[in-house]
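Below is one structure, written out as structure tokens; the observations come after it.
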There are 2 protein chains.
Amino acid sequence: MRAQKKSARRSRVVVVGAGFAGIAAATTLARVNVDVTVIDRRNYHLFQPLLYQVATAALSPADIAWPIRGILSKQDNARVELGRVVGVDRQSRHVLLADGRRIPYDFLILATGARHAYFGHDDWAVAAPGLKKIDDATLIHQRVLLALERAEIEMDPRVQRSLLTFVVIGAGPTGVEMAGAIAELTRTALSCDFRQINPSLAQVVLVEAGARVLPSFSPSLSKRAFKALEALGVQVLLGLPVTQCDDTGVEVGGMRISARTIVWAAGVAASPAAKWLGVSADRNGRVMVSKDLSVDGDPNIFAIGDTALAIADSGKPYPGIAPVAKQMGVYVGQLIARRIRGKHRGEVPEFRYRDVGNLATIGRKAAVAEFGRLKLWGFPAWLLWAMAHVYFLIGARNRIVVSLNWIWNYVTLERGARLITGATEEGPEAEALDAITAAPPPRQPRAA
Amino acid sequence: MRAQKKSARRSRVVVVGAGFAGIAAATTLARVNVDVTVIDRRNYHLFQPLLYQVATAALSPADIAWPIRGILSKQDNARVELGRVVGVDRQSRHVLLADGRRIPYDFLILATGARHAYFGHDDWAVAAPGLKKIDDATLIHQRVLLALERAEIEMDPRVQRSLLTFVVIGAGPTGVEMAGAIAELTRTALSCDFRQINPSLAQVVLVEAGARVLPSFSPSLSKRAFKALEALGVQVLLGLPVTQCDDTGVEVGGMRISARTIVWAAGVAASPAAKWLGVSADRNGRVMVSKDLSVDGDPNIFAIGDTALAIADSGKPYPGIAPVAKQMGVYVGQLIARRIRGKHRGEVPEFRYRDVGNLATIGRKAAVAEFGRLKLWGFPAWLLWAMAHVYFLIGARNRIVVSLNWIWNYVTLERGARLITGATEEGPEAEALDAITAAPPPRQPRAA
């Protein structure tokens, strides 16, 4: 009788993580005869490629994020569970949540994304926050604006200089975008707002251990990006690994840069999905997957997006970018759909990434873009970048608000979201403000 | 020589607080031969009348706030100091900041606003946060959304019911607006998003100790507001003071209402300006001012806005509303300008509030408005309310964004800013999320 009941019920697909990969998998299953459960620690899907604009006060968090329930509200076979996953019971097929809930699954899709990796220097995280979550962006945003505020009242010119020095570590797309945006924020948008300091004296340093910026692009575009950064006043240091990093600055190739605001954009590590499954991970924490993105020979467990280490035909792993994550989600959704429809006995196509191009922006006017052999740079590339990002933002409302904000900033050079919240209120946060404006190191607590 | 130097330098006007009153005073002095310093704990001016829309997920904080430096960037005689005032040295004429800075003044304008008063029950603050600051709004916003999330996974129908009960204490404009907005948020905007609960089962209770809602309006409009609230499904309890208030509910006139989300909109108290000056305050913490808004017979110290207890010709104190605060700021600015220009020997006009009307809104379609004898209600009043608030929002960008958001919400019934940030991240906040989704009382820390 039990077997009968089991065969009658619909298969349960559990998706952990509502990033690009997880949402793509869940929505691909919309018309399939399954029950989909999406579990996430946060109640929103985040458009990470624009997070640096929250960190530099151009956009509000709500402009680039969308409630998961809103995305799936019309999808009748989907439900959302807010919760923190702490493990997977593979024997009984349950996902375990921190509050004790156990979510049963027939198919499990792990799309838990990535966090920052400090290459064994986790103590650097306090001084040099990364940029993966909204709270990261809010923290960086707050540090940049408070550094300017502190510089305004600082009497010691050496300390003032260190407050006006911003170091970005890592010259991948995130690092390049952050460096360009900080340079613009400090040099143009704030130039009328202060009386003692001249924000155009701010120094932005981009440090990269490799030989060129944007290593995922072709060398000629790296060169153009380098020039665009220099035009914005960003000082680019190449071939110099960071050897030390604390509240007062960084050490780069034996040289010390005194800086109070440091942003980490150098490395990512996958979340602990490998640990939950009891499988091994590569040094970046990614789970090795088969050609069909299944894990550890188990045809019912998949890892996608930044969680997965999937090897392309070229022999290199697929990069951790949004288009790869989305295509992985769609692929696994379709694979499950085929199985449910009883078509899984035929040949299963392998996952293959269809290259949709590579884009990175440098400030308000320049970008680089690569589509196979086609290369674009300067303003045409920026226009393309802006259109692509607005297009991919989920939700028409966000599209309108983001477009308006950009047009507005472009025309007026103003910044709309320059609020320092959290750290400036009464209670313990007021103490934090006092500490920030008085004492040297900007060590306010993470949650402030 | 010292006297000579002193007569040569410009007078220093220090404004503490960048709310409606403080900003009005500072900008009124734009073309006057003085040095203006604006001190605030936060770096932004907040449009408080729309704060309840942040608390109910309709707007983002940046939509209703504006950096003080941005407001004053074109005013050459003004500078901004971010800092927390802890006292005033009246002898040497200095404002004292928490970090040890001493800001000298010739004229001092205290516009420090109001906080919540719990009428001797300060322990209620944790369970029933008020709505004065952006962080208050974020906290309430988070509690409302998390209550729905917890109800979705709650098995016990009694606990579920208490999670879906929202109590607003105090039926002044803020309380009425909050109650209406929560009713709409839960009943319409979220109605497709959940699978286990039906948000339309949510119960919103508005509790008022007095005999009618909106007591500052005429009785006929109170009646109309009452009906509009009932039409939205809000249960209004009149003539019932709250006698107890904790994490699990409130006690109203001997009756217990089990509720996990409580909002305090019942009383305000001025900030500690009286203590700084060493003068006495009324029971709401306001500083008694003369007819020219000066304090304690000192012609160089003024208190304005919610900080001031100014008596109208009617014998009643002026209410703590934005138009009064703005007019007080303009008045004091002009008074100082007259003195600087040497016209202070003539007759000084007393401060008199010019009534610009009274507005309050109830949900998405109704409002009440009173201009002297003219009374409006329903949709025409709402339209007027919307236009007035958009008009008074500082900064054209915010006007556009707020209008768009409203039009969008009105057309689609969607909510743009439904993100739960802060409490859902790693580290201590993740624990808070676990606690929220697992344990009964929503006692996450304030700063989360």
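Chain identifiers are assigned alphabetically (A, B, ...) following the order of the sequence lines, protein sequences preceding nucleic acid strands; residue numbering begins at 1 within each chain.
Residues satisfying the side chain to side chain donor-acceptor pair (under 3.5 Å) criterion with B/D76, sequence neighbours excluded, are absent altogether. Under the side chain to side chain donor-acceptor pair (under 3.5 Å) criterion, B/Q160 pairs with no residue at all, not counting sequence neighbours.
Taking a 6.0 Å sphere around NZ of A/K132, one finds it holds more than 12 heavy atoms contributed by other residues, nucleotides or ligands.
Using a 4.5 Å cut-off between heavy atoms, B/L72 touches chain A through its backbone atoms (N, CA, C, O) alone. A/R195 touches chain B through its side chain: at least one heavy atom from C-beta onward sits under 4.5 Å away, while N, CA, C and O do not.
With respect to chain A, the highest number of heavy-atom pairs below 4.5 Å among B/S73, B/A78, B/G100 belongs to B/S73.
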Show the numbers, then the answer: is there a side chain to side chain contact (heavy atoms under 4.5 Å, CB included) between B/I197 and B/E152? CA-CA 5 Å; B/I197 55 163; B/E152 173 84 351; 3.3 Å; yes
